[in-house]
Amino acid sequence: MQEILDRYRRSVLGPFWLTISLGVMVIGLGILYAGIFRQPVGDYLPYVAAGFTIWGLISGIVLDGSRCFIDGEPMIRQLPGPLSTYVFRAIWTNFMVFSHNIWVFVIAAVIFQVNPGWDVFLAIPGLLLVLFNGVWIGILLGLISARFRDVPQIIASVTQLAFFMTPIIWKPDMLSDRAFILDANPFYHLVEIIRGPLLGQAPALSQWLTVGVITILGWTVTLLFYTVYRWRIAYWV
């Protein structure tokens with residue numbers, strides 16, 4: 001949070017510039033791509049607003065998590081303490097940005113009269129699951145990036161590619177004959193367990209199960225790596 005406050009210190013609107021920037025982008029791209037894809041603006045713009053907001057949270061956790069130990073190098077070398085602190089800091093920062101950006105979707109939902117009904121409450125466990133996965137993502141990527149300094153650049157490139165491969169500015173039904181691409185994309189399932197409820201569509205059971213498998217496998221691999229290599233992080237950073 002302090003990083004965000006420092007970034008916008010002495011500005012009039014402070015961190016709400018994040019919300020304004022996202023709002024301008026959603027309006028511009030929403031209207032443009034609604035025309036390109038021949039989608040009703042009233043349906044498409046809230047969809048894009050929710051997608052960009054959730055993608056910002058997930059991609060921010062991935063990118064900041066990959067650098068959490070590298071950026072914390074002065075503290076790691078001088079002060080003994082739990083290394084998970086640096087992962088939680090990255091997740092908390094991105095959650096605060098998400099808390100500001102979600103208002104873009106709320107405003108779009110009100111303007112275009114999106115009524116998610118009771119399904120909206122399913123977004124809460126979806127959000128908690130994404131944050132819970134963010135912990136092992138930060139630990140694992142942070143550990144690998146501390147050892148191999150080229151990894152953060154690779155992760156940034158892969159994340160950029162994943163944005164275009166994930167239905168953020170396009171809809172899943174536009175890919176009807178290549179649905180296997182979506183099923184194999186973990187980002188899609190992580191986005192959909194939050195976006196679906198926000199738009200009044202309960203996620204399918206298969207999506208909950210997929211995220212559950214991602215969570216179990218991710219934590220298993222991370223704990224194995226962390227148990228073996230956490231003692232070396234102070235020498236790698």
Side-chain angles (χ1 to χ4, degrees), residues 1 3-4 7-8 15 17-26 28-30 33 46-72 86-105 108 123 126-146 149-172 181-182 184-199 203 207 210-211 214-215 218 222:
M1 187 62 185
E3 296 174 1
I4 300 175
R7 188 186 309 170
Y8 294 98
W17 277 114
L18 295 168
T19 312
I20 296 172
S21 299
L22 179 65
V24 171
M25 184 171 68
V26 166
L29 293 182
Y33 280 91
Y47 173 85
V48 171
F52 269 115
T53 302
I54 299 165
W55 179 258
L57 173 67
I58 295 173
S59 63
I61 288 174
V62 171
L63 296 174
D64 291 350
S66 68
R67 295 194 56 85
C68 63
F69 296 140
I70 296 174
D71 293 339
Y86 304 97
V87 178
F88 291 137
R89 185 177 67 175
I91 293 175
W92 178 251
T93 299
N94 283 284
F95 176 72
M96 293 307 297
V97 173
F98 173 82
S99 300
H100 284 80
N101 289 343
I102 193 62
W103 289 102
V104 175
F105 166 74
L127 176 60
L128 293 176
L129 260 177
V130 168
L131 296 177
F132 186 57
N133 275 280
V135 179
W136 74 257
I137 291 172
I139 294 174
L140 183 62
L141 296 184
L143 193 152
I144 297 174
S145 298
R149 294 304 177 91
D150 292 322
V151 171
Q153 283 70 36
I154 296 173
I155 292 173
S157 299
V158 172
T159 304
Q160 189 174 31
L161 174 63
F163 170 79
F164 293 103
M165 299 291 288
T166 305
I168 304 298
I169 57 177
W170 50 275
K171 292 189 173 183
I181 295 177
L182 287 180
N185 184 350
F187 289 104
Y188 165 62
H189 301 288
L190 291 171
V191 169
E192 202 57 33
I193 60 171
I194 303 177
R195 181 174 58 190
L198 291 178
L199 297 174
Q207 289 174 325
T210 302
V211 174
I214 292 172
T215 305
T222 299

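Hydrogens, waters and symmetry mates play no part in the numbers below; they use all other heavy atoms, side chains included.
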Tell me, with the steps shown, if L22 and F52 meet side-chain contact (heavy atoms from CB on, under 4.5 Å). CA-CA 8 Å; L22 179 65; F52 269 115; 3.8 Å; yes
List the steps, then state whether ring-ring contact (aromatic ring centres under 6.0 Å, His included) holds for F187 with W55. CA-CA 9 Å; F187 289 104; W55 179 258; 5.3 Å; yes
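Legend: salt bridge (charged side-chain N to carboxylate O under 4.0 Å, His left out) pairs involving residues 152-170, not counting sequence neighbours: none detected.
Between Y47 and K171, the shortest heavy-atom distance links the atoms OH-CA, 3.5 Å. Scanning both residues, L182 and P172, for their nearest heavy atoms gives CD1-CB, 3.6 Å. What you find for N94 and G56 is that their closest heavy atoms are OD1-O, 4.3 Å. In terms of heavy atoms, F105 sits closest to P46 at CD1-O, 3.5 Å. In terms of heavy atoms, L198 sits closest to A50 at CD1-CB, 4.5 Å.
Applying the side-chain contact (heavy atoms from CB on, under 4.5 Å) test to S99 and every residue at least two apart in sequence or in another chain returns F95. Residues that satisfy the side-chain contact (heavy atoms from CB on, under 4.5 Å) test with T19, not counting sequence neighbours, are F16, H100, N101, W103, V104. Every residue meeting the side-chain contact (heavy atoms from CB on, under 4.5 Å) condition with P152, not counting sequence neighbours, appears here in chain and number order: S66, R67, I70, S145. With sequence neighbours excluded, the residues forming a side-chain contact (heavy atoms from CB on, under 4.5 Å) with I214 are N133, W136, P186, T210, listed by chain and number.
Atom-to-atom distance recorded for L190:CG and I137:CD1 is 6.5 Å, nearest 0.5 angstrom. Remark: H189 NE2 to L129 CG distance equals 13.5 Å, nearest 0.5 Å. In this structure, I61 CD1 and T93 OG1 are separated by 10.5 Å, a value rounded to the nearest 0.5 Å. Note: I144 CD1 to D150 CG = 13.5 Å, rounded to the nearest 0.5 Å. Here the straight-line distance linking atom SG of C68 with atom CG of L141 works out to 8.5 Å at 0.5 Å rounding. Atom CZ of F88 and atom CG of L131 lie 11.0 Å apart (nearest 0.5 Å).
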Please list, one pair per line, the donor and acceptor atoms closer than 3.5 Å that link side chains of residues 154-165 to other protein atoms, with sequence neighbours excluded.
{"from": "S157", "atom 1": "OG", "to": "Q153", "atom 2": "O", "distance (Å)": "3.2"}
{"from": "T159", "atom 1": "OG1", "to": "I155", "atom 2": "O", "distance (Å)": "2.7"}

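Annotation: side chain of L57 is in contact with side chain of L127 (closest heavy-atom distance under 4.5 Å). Residues Y33 and V48 form no side-chain contact, since every pair of their non-hydrogen atoms from C-beta on lies 4.5 Å or further apart.
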